[in-house]
Number of protein chains: 2
Amino acid sequence: MARPRKPLLSRERIVTAALALVDAEGLQAVSTRRLAAELGVSGPSLYNHFPTKDEILDAVADTVVAEVDLSMFDAGRDGPDHWRPALLAWARSYRAALTAHPHIVPLLAQGPGRRPTGLRMADAVFGAMVRAGWPPAHATRVGALMRYFVAGSALGSFARGFVDDPRAYDPAAYPHLGQAHLLAERQQQVDEGAFETGLTALLDGLELQFQRLS
Amino acid sequence: MARPRKPLLSRERIVTAALALVDAEGLQAVSTRRLAAELGVSGPSLYNHFPTKDEILDAVADTVVAEVDLSMFDAGRDGPDHWRPALLAWARSYRAALTAHPHIVPLLAQGPGRRPTGLRMADAVFGAMVRAGWPPAHATRVGALMRYFVAGSALGSFARGFVDDPRAYDPAAYPHLGQAHLLAERQQQVDEGAFETGLTALLDGLELQFQRLS
DNA sequence: ACCTGAACACCGTTCAAGT
DNA sequence: ACCTGAACACCGTTCAAGT
């Protein structure tokens with residue numbers, strides 16, 4: 001079989017298979033040969049659809065960010081009281097999209113870059129903040145700092161860092177972390193709690209700044 | 001030359017060289033062969049000092065986190081008014097350590113894990129918050145959410161994401177980002193501003209919560 | 001246009017051999 | 001104990017060859 005009359009691959013099929021592989025086995029499991037095998041083709045076939053492996057992973061990251069709900073930034077329900085609930089809903093949707101695919105979060109490191117959905121997201125947040133009354137320079141910062149917090153919460157899940165093995169912790173070395181190994185069990189609660197606590201603090205603090213501006 | 005009478009390598013030399021290579025050329029530049037060449041030895045020599053390449057990079061990450069100042073959490077100057085300036089100073093030192101070595105930030109994804117300095121840091125923050133009057137469950141969250149924000153700010157530097165090429169941005173597609181390409185130039189200012197704005201908001205918000213608790 | 005196998009330079013890691 | 005070269009299985013990518 002050289003060229004089939006109907007293409008075996010498409011960019012979409014490749015991205016879908018790559019995301020499934022990343023979710024199931026992590027980033028390191030994605031090699032061009034392995035991914036191609038998963039799709040029933042040979043390694044080099046991928047290069048008919050993407051110039052490099054990195055661009056495949058870029059497209060995967062874009063797919064994940066595309067899952068983020070941005071409808072709360074739609075023009076129409078603007079007003080000076082809408083920016084807070086909009087940021088809140090956006091942050092939760094953003095975090096949900098990332099924690100659904102935790103293995104690609106480190107890949108988001110490059111920032112929005114040339115990825116279209118990342119740019120669309122930045123544009124939506126910025127536009128809504130300006131319409132709500134934030135000065136443009138502040139609107140840029142608000143979008144950025146919210147992104148920092150959400151990405152950080154999805155990236156370095158604090159609790160996941162503690163392995164589930166009491167022997168890893170010398171109580172003499174870390175006097176306050178005696179029960180740290182328990183954190184692995186309650187991972188999700190701790191993460192969720194820290195995220196919600198931080199989100200509330202962030203929005204409370206931004207509200208103070210917003211009031212000072214007007 | 002088989003075995004020299006004085007060892008050519010040490011864990012410390014390896015880690016130092018690896019960090020220099022990461023800083024200069026990024027994570028992908030670090031291969032065992034390349035790193036060994038940089039140290040004047042052959043590839044497999046590294047395995048006399050580290051069991052895997054991943055553990056070398058773990059040690060590199062640990063080195064970077066070790067640069068974070070924790071002295072503001074020392075017992076003695078506790079009191080209910082000290083936790084805020086302590087968190088502020090720590091966050092700035094933490095961010096400075098990470099932005100000095102931006103290429104290893106995605107590596108911190110695994111969280112503190114078994115890395116001793118990450119655990120020491122978590123322990124110091126937690127202990128100081130509890131001594132300042134935060135209930136333990138809240139102290140855990142405060143340490144985690146601050147880490148989220150700092151790691152996120154170092155990871156996905158918002159501005160770095162915008163490439164310095166006006167042609168990458170179709171003004172029709174991103175109506176609010178017409179000047180986005182300019183962001184690449186002002187990268188540091190935007191990042192710094194967003195970080196400081198977010199940090200103030202976060203601490204203002206935490207102060208509100210702290211008052212509510214007492 | 002879109003797939004294939006062969007090939008290239010390069011990986012991380014193992015291991016027997018040297019001192 | 002600590003280094004070496006050879007070797008293994010595996011990479012990302014290129015390319016000529018097939019239809």
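Both backbone and side-chain heavy atoms feed into the values below; hydrogens, waters and symmetry mates do not.
One can place NZ of Lys53(B) at 4 Å from P of dG12(C), the figure rounded to the nearest angstrom. Rounded to whole angstrom, the span from the CG atom of Leu35(A) across to the P atom of dC10(D) amounts to 17 Å. For the pair Leu8(B) CG and dA1(D) P, the computed distance is 17 Å after rounding to whole Å. Whole-Å rounding puts the Arg5(A) CZ to dG18(D) C1' distance at 15 Å.
Every pair passing salt bridge (charged side-chain N to carboxylate O under 4.0 Å, His left out) that includes a residue from residues 86-97 of chain B is listed here, sequence neighbours excluded: Arg92(B)-Glu196(B), Arg95(B)-Glu192(B). Identified under the salt bridge (charged side-chain N to carboxylate O under 4.0 Å, His left out) test for residues 36-47 of chain A, with sequence neighbours left out: Arg34(A)-Glu38(A).
Checked against side chain to side chain contact (heavy atoms under 4.5 Å, CB included), Pro85(B) has the following partners two or more places apart in sequence or in another chain: His82(B). Residues satisfying the salt bridge (Lys or Arg N to Asp or Glu O under 4.0 Å) test with Arg33(A), not counting sequence neighbours, are none. Listed by chain and residue number, Asp62(A) satisfy the side chain to side chain donor-acceptor pair (under 3.5 Å) test with Thr117(A) (two or more places apart in sequence, or in another chain). Legend: residues meeting side chain to side chain donor-acceptor pair (under 3.5 Å) with Glu67(B), ordered by chain and number and at least two apart, are His101(B). Ser71(A) meets the side chain to side chain donor-acceptor pair (under 3.5 Å) test with Asp69(A); sequence neighbours excluded. Checked against side chain to side chain donor-acceptor pair (under 3.5 Å), Arg11(A) has no partners two or more places apart in sequence or in another chain.
Residues of residues 11-33 of chain B having a heavy atom closer than 4.0 Å to DNA chain C, listed by number: Val30(B), Ser31(B), Thr32(B), Arg33(B). Near-neighbour residues of DNA chain C inside residues 37-52 of chain B, defined by a heavy atom below 4.0 Å, number-ordered: Pro44(B), Tyr47(B), Thr52(B).
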- prompt: How does DNA chain D read in dot-bracket, base by base from 5' to 3', with Watson-Crick or G-U pairs under 3.5 Å and | used when the partner is on another strand?
  reply: ||.|||||...|||||.||
Under 3.5 Å, which donor-acceptor pairs link side chains of residues 39-50 of chain B to any protein atom two or more places apart or in another chain?
residue, atom, partner, partner atom, Å
Ser45(B), OG, Ser42(B), O, 3.0
Asn48(B), ND2, Ser45(B), O, 3.3

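Rounded to the nearest 0.5 angstrom, Trp134(B) CH2 and Thr140(B) OG1 are separated by 11.5 Å.
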